[in-house]
Amino acid sequence: MPELPEVEVTRRSFADAIAGAEVAQLRLGKPLRWPLGQAAEALQGGRIGAVLRRGKYLWLPVSAPVERGGLLLHLGMSGSLAFTPQADLRGSPPGPHDHFDLQTDRGLLRLTDPRRFGAVVWSEALDAGPAAKLLAGLGMEPFDARFNGEHLHAGLSGRRVAIKLALLAGDIVVGAGNIYACEALFIAGINPRLAAAKLSRPRAERLALAVRGVLAQAVEAGGTTLRDFKDAHGVAGSFQMQARVYGREGLPCFDCGTPIRRIVQGQRSTFFCPQCQKR
DNA sequence: CTGGGCTCCTGTCAGC
DNA sequence: TGCTGACAGGAGCCCA
């Protein structure tokens, strides 16, 4: 589910409400992708700081009386966070897909994740321990001022994979998942099957703008809600209304009327306009 | 080192 | 109505 816009929308929707909250209790459901680690004691009585995002990860710093560290969260394919002010575990018993609950004095933070591809991992710091390891291979933030055509072009050079897959890999620029990679390529008029290294410098410039632009637009729209994405207050996104190609197989291209095609790349669906994205 | 394919898990939906 | 297979927003890992 969640690509960068959904994660950022989630972050913004609860960061202020949870900042300064004191941890009271931790509850775990079924195992997630990775084990939590030694969080339980460190969290006891800890205070939550400013929530950060890196790629599709969230970082909840916790300053504990004894130790200091934080929780690195990933929503996987089907995860979402809910923060309910004033709520507690007694009043809101966990459902079958609620696999992580953080009870604080300000309310209840809950991760719901039916497929359990998501994760919550305790780390002593963002740039040390498990968090550092998980974030090590991530590319540049799309909203970083240094992210531009030059950076993208340099990252793509020497790569024979299809440009769509190079974007998805997230080691050049983070944040574009299956929906936004398709959308950005459409906006830039680039064929998703083009070999990454074959993208000219001027076209890389256009693609960089498209990636940044579409992600910003999606954040603005509250993210994409295909099925179940909600921000931490239960508000759905609306970017799906603005999608130009994703999920539109067989429907006419908004620009030229040609039916949108669906192909499979790396076991994932790619949607594109065979006319507007010829090369 | 790169690239391709598989895998984790559960839910939903189309087709028979 | 019930079963089966395809597919779903991610990304680490293994192998050639």
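All of these numbers come straight from a predicted model, not from anything done at the bench. To find a chain, count down the sequence lines: A is the first, B the second, and so on, and within it residues start at 1.
- Atoms CD1 (A:Ile179) and C1' (C:dA11) sit 16 Å apart, rounded to a whole Å.
- Atom CG in A:Leu168 sits about 9 Å away from atom P in C:dA11, given to the nearest Å.
- Look at A:Glu22 and A:Arg106 and you find no salt bridge, because none of the NZ, NE, NH1 or NH2 atoms lies under 4.0 Å from a carboxylate O.
- At whole-Å resolution of the value, CG in A:Leu75 and C1' in C:dG10 are 10 Å apart.
- B:dT2 and C:dA16 make up a base pair, with Watson-Crick or G-U wobble contacts both under 3.5 Å.
- Separation of the P atoms belonging to C:dG9 and B:dG3 is 22 Å when rounded to the nearest angstrom.
- The side chain of A:Ser78 contributes no N or O atom lying less than 4.0 Å from OP1 or OP2 of C:dA8.
- When atom types are taken as modelled, the side chain of A:Glu183 and the backbone of A:Val214 share no donor-acceptor pair closer than 3.5 angstrom.
- Using N1 to N3 plus N6-O4 or O6-N4 for Watson-Crick, or N1-O2 and O6-N3 for G-U wobble, each under 3.5 Å, C:dG9 pairs with nothing.
- Atom NZ of A:Lys133 is separated from atom P of C:dA11 by 17 Å (rounded to the nearest Å).
- Atom CD in A:Gln265 sits about 13 Å away from atom C1' in B:dG3, given to the nearest Å.
- Using cut-offs of 30° and 60° on the angle between ring planes, the pair A:Tyr57 and A:His74 is perpendicular.
- In terms of modelled atom types and a separation under 3.5 Å, the side chain of A:Gln103 and the main chain of A:Gln25 share no donor-acceptor contact.
- Residue A:Tyr57 places none of its side-chain N or O atoms closer than 4.0 Å to OP1 or OP2 of C:dA11.
- DNA chain C is contacted by both A:Val264 and A:Arg268; A:Val264 maps to the nucleotide lying nearer its 5′ end (nearest heavy atom per residue).
- In terms of modelled atom types and a separation under 3.5 Å, the side chain of A:Arg116 and the main chain of A:Ser78 share no donor-acceptor contact.
- Within the cation-pi definition used here (under 6.0 Å to the ring centroid, within 45° of the axis), A:Arg248 does not qualify as a partner of A:Phe186.
- Listed by residue number, the members of residues 156-164 of chain A with any heavy atom below 4.0 angstrom from DNA chain B are A:Arg159, A:Arg160, A:Val161.
- Atoms CG (A:Leu226) and C1' (C:dG10) sit 14 Å apart, rounded to a whole Å.
- The separation between A:His74 atom NE2 and C:dA11 atom C1' is 7 Å, rounded to whole Å.
- Within 6.0 Å of the CZ atom in A:Arg160, the count of heavy atoms belonging to other residues, nucleotides or ligands does not exceed 12.
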Per-nucleotide protein contact string for nucleotides 7-15 of chain B (B base, S sugar-phosphate only, - none; heavy atom under 4.0 Å): -BBBSS---
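- Nearest heavy-atom pair across A:Asp98 and A:Arg27 is O-NH2, 2.6 Å.
- Remark: A:Asp255 engages A:Arg244 in a salt bridge, criterion side-chain N to carboxylate O under 4.0 Å.
- Rounded to a whole Å, the CZ atom of A:Phe271 is 10 Å from the P atom of C:dC7.
- When heavy atoms are screened at a 4.0 angstrom cut-off, A:Phe239 is found touching no nucleic acid atom at all.
- The shortest non-hydrogen separation linking A:Glu6 to A:Tyr180 is OE2-OH, 2.6 Å.
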